Visitor: 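Pasting a structure here, questions to come.
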Amino acid sequence: MVFDIIRRLIKSGNHSPMSIQSLTNEAEYPFQKVETQVQSFWTENNSFAVHTEPSKPKFYCLSMFPYPSGRLHMGHVRNYSIGDVISRFQRMLGKNVLQPMGWDAFGLPAENAAMKNKVPPAGWTYDNINHMRGQLSRLGFAYDWSRELATCHPEYYRWEQWFFCRLLEKGLVYKKEAEVNWDPVDQTVLANEQVIDGRGWRSGAPVERRRIPQWFIKITDYAQELLEDLEKLEGWPERVRVMQQNWIGRSVGMEFSFTVAGREDRLEVYTTRPDTLMGVSYCAVAPEHPLAQEAAASNADLARFIETIRTGGVSEVDMATMEKVGMDTGFKAVHPLNGEEVPIWVANFVLMSYGSGAVMAVPGHDERDHEFATKYQLPIKQVIRPLDDTAIDVQQAAYTEHGICVNSGGMDGLKFTEAFDFIATTFNQLGIGQKKVNFRLRDWGVSRQRYWGTPIPVINCRECGALPVPAQDLPVLLPEDVEFDGSGSPLKKIASFMNCSCPKCGGPAERETDTFDTFMESSWYYARFASPRYNKGMLNLEDMNYWLDVDQYIGGIEHAILHLLYARFFHKLLRDEGLVSSDEPFKRLLTQGMVLKDGAKMSKSLGNTVDPEGLIEKYGADTVRMYTMFTAPPDQSLEWSDSGVEGSYRFLRRLWKLVCSHTPTKVTLKQNSLNDVQRQLRLKTHATIKKVGDDYERRQVFNTAIAAVMELYNELSKFTASHDSTSGQNQAVVQEAMEAIVLLLAPIVPHMCHVLWQHLGHNEAVIDAQWPVYDESALVQDSITIVAQVNGKVRSQLSLSAEVDKESMQLAAMADPTVQRFLEGLTVRKVIVVPGKLVNIVAN
RNA sequence: GCGGACGUGGCGGAAUUGGUAGACGCGCUGGAUUUAGGUUCCAGUGCCUUUGGUGUGAGAGUUCGAGUCUCUCCGUCCGCACCA
């Protein structure tokens with residue numbers, strides 16, 4: 001086993017029992033001793049290991065696992081602090097809380113490091129994991145480390161290989177040619193990230209688009225369900241759901257074909273705007289389209305042109321921002337309604353991978369078509385007019401709104417849906433097309449021409465084709481001790497990996513050397529965490545039924561679309577294989593904001609990073625946790641400030657001193673015998689408990705929770721400064737306020753609160769304490785403040801009995817001298833009374 | 001290009017359902033303690049011509065009442081399928 005407990009025990013340091021008293025007697029807040037001692041306590045007691053216990057309510061809190069890049073950055077600290085706070089809060093509510101941690105260990109950076117430092121990707125990755133595990137422990141996160149996993153471990157990826165083979169057998173996986181970025185100098189495939197301004201990042205050579213056979217998983221089979229189920233995800237931020245909805249991109253349109261003049265075959269196109277059909281002035285096909293290829297065969301200029309437009313990146317942003325260029329193929333498409341012939345062009349903006357690789361172009365009513373038509377002086381026809389009949393000039397700009405058909409023969413006067421239906425009926429009768437729902441979502445290409453990834457478990461036999469590796473031969477192990485120089489896959493050079501025999505005919509065969517997209521591993525790790533050591537199958541159903549779904553998932557907004565969509569898809573695949581029982585993996589989602597410094601994202605290239613380790617050294621983990629939770633709401637970006645850290649540190653020091661100087665008491669608090677000042681403090685204590693609980697659970701904003709605790713602290717410290725709080729009910733209300741503060745902060749500042757809780761006279765550990773419940777009777781007030789406005793402007797504040805009715809409020813406001821002064825010479829027209837809040841007198 | 005979000009003091013942010021704008025923290029100013037610096041404590045702190053006026057990127061609108069709702073504009077940031 002790679003991950004042993006022993007090493008962590010050594011890491012956690014000092015085991016000699018140190019009494020709480022020796023800590024709380026220290027004049028200054030001894031954060032180092034506190035944190036070391038409390039972390040030892042958690043380790044020795046195995047405090048965060050959990051088991052499937054069907055009789056107990058569970059809570060599964062998951063933070064997106066990190067890529068082991070080498071060191072934690074502030075983004076990690078923030079992400080994992082949020083998850084830890086939620087986990088510890090839920091535990092105090094009495095739940096059986098699972099909070100695991102692991103490593104998204106495959107990926108490109110390990111290969112880059114391998115080239116740079118001449119070390120194998122595996123060794124580099126394991127070293128990073130060991131270092132980062134230590135950093136996480138030092139931050140005091142309540143992980144069940146016995147469940148730790150790393151995706152590069154065969155125990156993990158073997159099940160992914162097994163599952164892929166199942167999908168292959170079920171027909172949910174297929175192989176087809178797809179475009180990649182090809183570096184002609186380095187003779188290698190480049191990631192989009194490695195293409196800079198259309199050139200290879202290392203060679204500087206112009207990148208070519210090349211087609212190679214790759215594996216795809218049929219996510220489009222699940223497009224409709226992935227779209228519909230978004231509505232069930234009430235615990236997800238609206239914006240993430242909208243992003244996924246747009247990504248899936250359901251559209252209703254017409255699929256139909258043009259005849260090509262003088263030919264037997266037809267040109268298939270898809271359009272969402274059949275109402276503009278009479279405005280078609282040309283068609284455009286992708287460079288890879290058969291018609292384009294055929295035309296190029298007898299036209300050297302066109303062949304050269306197609307070659308040039310196949311350079312440049314393949315990403316969506318490259319496609320959308322590049323200059324739109326094209327060339328006439330010489331073929332003519334015959335308009336299905338008026339028989340007119342329009343030219344067929346080849347254009348770089350048409351994607352072979354989307355739809356049929358061909359489009360009808362209506363420059364009058366589509367911006368992209370308009371740009372292209374203007375450039376090549378193709379005709380622009382107006383066939384739609386605005387509903388309100390405003391004058392438009394389609395020669396100047398495309399009119400893209402829905403409107404009414406004009407210049408369209410029999411369709412004139414029809415609105416969008418009427419025109420749509422007309423075309424649908426007509427084409428059905430002609431047998432050349434029909435209504436079709438299309439999705440923007442494309443099938444998931446999972447092949448990567450990289451070494452450091454899960455080997456795709458496929459054997460290529462010259463006789464029998466591509467076959468899945470039989471289950472008993474799994475895992476296909478990735479050789480870890482390799483020479484890696486970046487020129488193609490090292491797997492191709494290892495004969496013992498490459499050569500195998502065909503599982504069907506037994507003849508000589510070769511292994512697939514591509515590896516999986518790393519999104520594969522991160523698409524199911526949440527489930528594996530619930531049965532991480534299970535070796536009889538991919539997932540243990542009993543554990544799945546107890547722990548899933550993930551109650552709270554936390555991670556960066558940058559994963560809003562891809563990772564979350566793939567994980568949702570994978571969950572449905574797992575469900576259909578009978579491995580899990582629910583439809584969706586993540587009940588509630590919190591997308592944390594970025595950590596910024598000087599207004600920019602912290603990054604190595606900008607040199608504006610802050611190293612968490614140095615901060616922990618200087619201020620302790622509790623301060624760092626508190627600062628990251630206090631400075632901004634979790635879903636917004638966090639602007640780094642050194643003096644802000646000082647502020648959090650100062651608060652914790654003050655709190656430490658105040659509680660340590662208090663003598664704990666067991667005196668019973670008697671609500672009815674409290675004086676006004678005592679009642680006031682008690683009111684603040686319980687109002688704070690109420691607000692903070694709501695902030696943690698419903699609102700998930702921790703900055704305001706901390707602010708509320710600070711307010712209580714301020715009131716408490718004023719109280720202790722001006723009253724003798726060593727005896728009687730004074731001591732009782734102070735004890736109550738302190739206990740509240742310690743409990744309310746325990747999820748955020750767990751080390752300090754562990755010690756302070758014991759100082760306040762409790763034997764149980766604060767992690768096992770019950771979350772405080774507010775006392776409704778303590779919140780009852782005798783008098784309330786009412787705002788008096790004249791014409792919407794605040795003129796006075798009135799202290800009135802809490803039970804005051806609307807009429808009395810109005811009378812009191814009218815009688816107020818300041819209000820009177822502002823009403824002088826005016827006639828009262830109207831009075832608005834908001835019970836318990838304000839009175840607005842409208843006068844002129 | 002497409003899609004998404006955001007814009008409030010000197011700064012980070014608060015205002016949860018249309019009802020006292022600026023909670024809490026930082027910074028700054030003054031004072032106390034200290035040989036001094038630091039620390040700690042106390043008081044003040046949106047802006048202005050201060051019995052008042054004004055103020056939430058700009059402009060308009062709805063409303064008794066708008067930071068919050070609607071529209072237009074400006075600006076900033078994020079994602080876009082091989083980075084994870």
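Lettering follows sequence order; numbering is per chain, from 1. All values derive from a computational prediction rather than experimental measurement.
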Visitor: Mind checking if A:Phe519 touches a base, just sugar-phosphate, or nothing, with heavy atoms under 4.0 Å?
Guide: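 Base: the residue A:Phe519, judged by heavy atoms under 4.0 Å, touches a nucleobase.
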
Visitor: Dot-bracket for RNA chain B, 5' to 3', counting Watson-Crick or G-U wobble pairs under 3.5 Å, with [ ] for crossing pairs and | for inter-strand pairs?
Guide: (((((((..(((......[....)))((((((.......))))))(((...)))..(((((..]....))))))))))))....

Visitor: Side chain of A:Glu367 only, heavy atoms from C-beta on: which candidate in B:A23, B:G12, B:C2 is closest?
Guide: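 When the side chain of A:Glu367 is considered, B:C2 is the closest of B:A23, B:G12, B:C2.
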
Visitor: Compare every heavy atom of A:Ile129 with every heavy atom of A:Trp103, then report the nearest pair and how far apart it is.
Guide: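 For A:Trp103 versus A:Ile129, the nearest heavy atoms are NE1-CG2, 3.5 Å.
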
Visitor: Quote, to the nearest angstrom, the P distance that separates B:U68 from B:G18.
Guide: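 Result for the P pair: 11 Å, nearest Å.
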
Visitor: Whole angstrom is fine here: how far is it from CD in A:Glu697 over to P in B:U16?
Guide: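 Rounding to the nearest Å, CD of A:Glu697 and P of B:U16 are 20 Å apart.
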
Visitor: Which nucleotide in the set B:G4, B:U16, B:A15 lies at the smallest distance from any side-chain heavy atom of A:Asn246?
Guide: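 Shortest atom-to-atom distance from the side chain points to B:G4.
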
Visitor: Answer yes or no: does a side-chain N or O of A:Asn703 lie under 4.0 Å from OP1 or OP2 of B:A14?
Guide: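 For B:A14, OP1/OP2 do have a side-chain N/O of A:Asn703 under 4.0 Å.
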
Visitor: So does A:Glu558 pair up with A:Lys601, basic N to acidic O under 4.0 Å?
Guide: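 Looking at A:Glu558 and A:Lys601, the cut-off is not met.
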
Visitor: Can we say A:Lys684 and A:Glu711 salt-bridge, meaning some charged N sits less than 4.0 Å from an Asp/Glu carboxylate O?
Guide: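 A salt bridge links A:Lys684 with A:Glu711.
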
Visitor: OP1 or OP2 of B:G27 versus the side-chain N and O atoms of A:Arg650: is any pair under 4.0 Å?
Guide: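 Checking A:Arg650 against B:G27: at least one side-chain N or O falls below 4.0 Å of OP1 or OP2.
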
Visitor: Which listed nucleotide (B:C24, B:U16, B:A84) is nearest to the side chain of A:His559?
Guide: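 When the side chain of A:His559 is considered, B:A84 is the closest of B:C24, B:U16, B:A84.
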
Visitor: For the P atoms, the ones on B:G25 and on B:A5, what distance do you get once it is rounded to whole angstrom?
Guide: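 About 33 Å, rounded to a whole number of Å.
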
Visitor: When you measure from the side-chain N and O atoms of A:Lys793 to the phosphate of B:U20, is any distance below 4.0 Å, counting only OP1 and OP2?
Guide: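 For B:U20, neither OP1 nor OP2 has a side-chain N or O of A:Lys793 closer than 4.0 Å.
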
Visitor: Between A:Arg699 and B:A15, is there a side-chain N or O to OP1/OP2 distance below 4.0 Å?
Guide: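 For A:Arg699, the contact criterion (side-chain N or O under 4.0 Å from OP1 or OP2 of B:A15) is met.
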
Visitor: Can you tell which of B:C77, B:G13, B:C80 lies closest to the side chain of A:Trp247?
Guide: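 Between B:C77, B:G13, B:C80, the one nearest the side chain of A:Trp247 would be B:C80.
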
Visitor: Which glycosidic conformation, syn or anti, is assigned to B:G22 if syn requires a torsion within 90° of zero?
Guide: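 Base orientation: anti.
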
Visitor: Would you call the rings of A:His76 and A:Tyr80 parallel, tilted or perpendicular if under 30° counts as parallel and over 60° as perpendicular?
Guide: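 Correct class here is parallel.
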
Visitor: Base, sugar-phosphate or nothing for A:Phe822? Non-hydrogen atoms, less than 4.0 Å.
Guide: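 The answer is sugar-phosphate, as A:Phe822 gets under 4.0 Å only of primed atoms, P, OP1 or OP2.
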
Visitor: May I have the distance from A:Glu646 (atom CD) to B:G38 (atom P), rounded to whole angstrom?
Guide: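 Rounding to the nearest Å, CD of A:Glu646 and P of B:G38 are 13 Å apart.
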
Visitor: Heavy atoms only, 4.0 Å cut-off, all strands: where does A:Val240 land among base, sugar-phosphate and nothing?
Guide: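 Result for A:Val240 = nothing.
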
Visitor: Across the strands shown, which category fits A:Gln797 at heavy-atom distances under 4.0 angstrom: base, sugar-phosphate, nothing?
Guide: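 Touches a base.
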
Visitor: Of the candidate nucleotides B:G3, B:C83, B:U16, which contains the atom at the shortest distance from the side chain of A:Leu108?
Guide: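 Nearest to the side-chain atoms of A:Leu108, counting from C-beta on, is B:C83.
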
Visitor: Expressed as a whole number of angstroms, how long is the span from A:Glu711:CD to B:A14:C1'?
Guide: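 Answer to the nearest Å: 10 Å.
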
Visitor: A:Met809 CE to B:G19 P: how many Å, rounded?
Guide: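 Those two atoms, CE and P, are 15 Å apart.
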
Visitor: In residues 832-844 of chain A, what residues come within less than 4.0 Å of RNA chain B, judged by heavy atoms?
Guide: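 Heavy-atom contacts with RNA chain B come from A:Ile832, A:Val834, A:Lys837, A:Leu838, A:Asn840, A:Val842.
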
Visitor: Begin from the C-alpha positions of A:Arg568 and A:Gln244 and carry the test side chain to side chain donor-acceptor pair (under 3.5 Å) through to its verdict.
Guide: CA-CA 11 Å; A:Arg568 292 182 58 222; A:Gln244 293 221 345; 2.8 Å; yes

Visitor: What is the distance, to the nearest angstrom, from the CD atom on A:Gln592 to the C1' atom on B:C77?
Guide: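 Spelled out: CD on A:Gln592 to C1' on B:C77 is 16 Å.
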
Visitor: Where do A:Met101 and A:Pro66 come nearest, in terms of heavy atoms and distance?
Guide: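 Heavy-atom minimum between the residues: SD-CD, 3.6 Å.
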
Visitor: Find the distance A:Arg795:CZ to B:U20:C1' and express it as a whole number of Å.
Guide: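 From A:Arg795 CZ to B:U20 C1': 13 Å.
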
Visitor: Is there a donor N/O on one and an acceptor N/O on the other, under 3.5 Å, for the side chain of A:Arg829 and the base of B:C64?
Guide: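 When only heavy-atom distances are counted, A:Arg829 does not reach the base of B:C64 through any donor-acceptor pair under 3.5 Å.
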
Visitor: Going by an N to O cut-off under 4.0 Å, is there a salt bridge joining A:Asp443 and A:Lys218?
Guide: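 Here A:Asp443 does not pair with A:Lys218 in a salt bridge, since their nearest N and O are not under 4.0 Å apart.
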
Visitor: Does A:Met594 reach a base, just sugar-phosphate, or nothing at all? Heavy atoms under 4.0 Å.
Guide: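 Answer is sugar-phosphate: A:Met594 comes under 4.0 Å of backbone atoms only.
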
Visitor: If you round to the nearest 0.5 Å, how far is CD1 of A:Ile706 from CG of A:Leu745?
Guide: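 Reported value, rounded in 0.5 Å steps: 7.0 Å.
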
Visitor: So do A:Tyr525 and A:Asp104 actually touch side chain to side chain, heavy atoms under 4.5 Å?
Guide: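 The answer is no; the side chains never approach within 4.5 Å.
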
Visitor: Look at the side chain of A:Tyr67 and decide which nucleotide, out of B:C82, B:G4, B:A84, has an atom nearest to it.
Guide: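 So the side chain of A:Tyr67 is nearest to B:A84.
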
Visitor: Look at all strands and tell whether A:Gln214 reaches a base, only sugar-phosphate, or nothing, counting heavy atoms closer than 4.0 Å.
Guide: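 The answer is base, as A:Gln214 lies within the cut-off (heavy atoms under 4.0 Å) of a base atom.
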
Visitor: If you measure from the P atom in B:G52 to the same atom in B:A21, how many Å do you get, rounded?
Guide: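 Looking at atom P only, B:G52 and B:A21 are 15 Å apart.
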
Visitor: Please pick, from B:C24, B:C64, B:G13, the nucleotide with the shortest atom-to-atom distance to any side-chain atom of A:Phe630.
Guide: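 It is B:C24.
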
Visitor: Say you pick atom P in B:U39 and the same atom in B:G27; how far apart are they, in whole Å?
Guide: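 Looking at atom P only, B:U39 and B:G27 are 9 Å apart.
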
Visitor: Verify the contact: side-chain N or O of A:Arg448 to OP1 or OP2 of B:C82, cut-off strictly under 4.0 Å; return yes or no.
Guide: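 Answer is yes, contact under 4.0 Å.
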
Visitor: Specify the closest pair of heavy atoms between A:Ala110 and A:Tyr67, including all atoms of both residues, with the distance to one decimal.
Guide: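 Smallest interatomic distance, heavy atoms only, reads N-OH, 3.1 Å.
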
Visitor: Distance check: side-chain N/O of A:Arg210 vs OP1/OP2 of B:C82, anything under 4.0 Å?
Guide: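 For A:Arg210, the contact criterion (side-chain N or O under 4.0 Å from OP1 or OP2 of B:C82) is not met.
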
Visitor: Quick one: do A:Lys691 and A:Asp695 make a salt bridge, cutoff under 4.0 Å?
Guide: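 So A:Lys691 pairs with A:Asp695 through a salt bridge.
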
Visitor: Could you state the NE2-C1' distance from A:His76 to B:A84, rounded to the nearest angstrom?
Guide: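 Distance, rounded to whole Å: 9 Å.
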
Visitor: Would you tell me if any nitrogen or oxygen in the side chain of A:Asn714 comes within less than 4.0 Å of OP1 or OP2 on B:G25?
Guide: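 Affirmative; the distance criterion is met.
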
Visitor: What is the distance from CD of A:Gln194 to P of B:C82, rounded to the nearest Å?
Guide: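 Checked: the CD to P distance equals 13 Å.
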
Visitor: Quick one: label A:Arg654 by what it contacts on the DNA or RNA (base, sugar-phosphate, nothing), any heavy atom closer than 4.0 Å.
Guide: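 Sugar-phosphate contact only - A:Arg654 comes under 4.0 Å of backbone atoms but never of a base.
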
Visitor: Could you pick out which residue, A:Asp695 or A:Ser717, lies toward the 5' side of RNA chain B when each is mapped onto its nearest nucleotide?
Guide: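 So the residue in question is A:Asp695.
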
Visitor: Below the 4.0 Å mark, does B:C82 have OP1 or OP2 next to a side-chain nitrogen or oxygen of A:Arg442?
Guide: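 No, A:Arg442 has no side-chain N/O under 4.0 Å of OP1/OP2 on B:C82.
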
Visitor: Give one of base, sugar-phosphate or nothing for A:Ser447, where a contact means two heavy atoms less than 4.0 Å apart.
Guide: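 Base: the residue A:Ser447, judged by heavy atoms under 4.0 Å, touches a nucleobase.
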
Visitor: Quick check on side-chain hydrogen bond (donor to acceptor under 3.5 Å, both in side chains): which of A:Asp514, A:Thr515, A:Thr513 does A:Gln449 satisfy it with?
Guide: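 When A:Asp514, A:Thr515, A:Thr513 are each tested with A:Gln449, the side-chain hydrogen bond (donor to acceptor under 3.5 Å, both in side chains) holds only for A:Asp514.
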
Visitor: Could you give the distance separating B:C26 and B:C41 at their P atoms, to the nearest angstrom?
Guide: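 It works out to 10 Å between them.
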
Visitor: Taking only the side-chain nitrogens and oxygens of A:Arg653, find out if one of them lies under 4.0 Å from OP1 or OP2 of B:U40.
Guide: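 Checking A:Arg653 against B:U40: at least one side-chain N or O falls below 4.0 Å of OP1 or OP2.
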
Visitor: Using a strict threshold of under 4.0 Å (side-chain N to carboxylate O), is an ion pair present between A:Arg241 and A:Glu238?
Guide: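 Answer for the salt bridge query: yes.
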
Visitor: Base, sugar-phosphate, or nothing for A:Pro66, non-hydrogen atoms under 4.0 angstrom?
Guide: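 No contact.
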
Visitor: Would you mind telling me which of B:G4, B:C82, B:G13 lies closest to the side-chain atoms of A:Ala632?
Guide: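 Looking only at heavy atoms from C-beta outward on A:Ala632, the closest nucleotide is B:G13.
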
Visitor: Quick one: is B:C11 close enough that its OP1 or OP2 comes under 4.0 Å of any side-chain N or O from A:Ser641?
Guide: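 It does not, given that no N or O in the side chain of A:Ser641 lies less than 4.0 Å from OP1 or OP2 of B:C11.
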
Visitor: Which of these nucleotides, B:C82, B:G4, B:G79, is closest to any side-chain atom of A:Glu558?
Guide: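 Closest nucleotide among those given: B:G79.
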
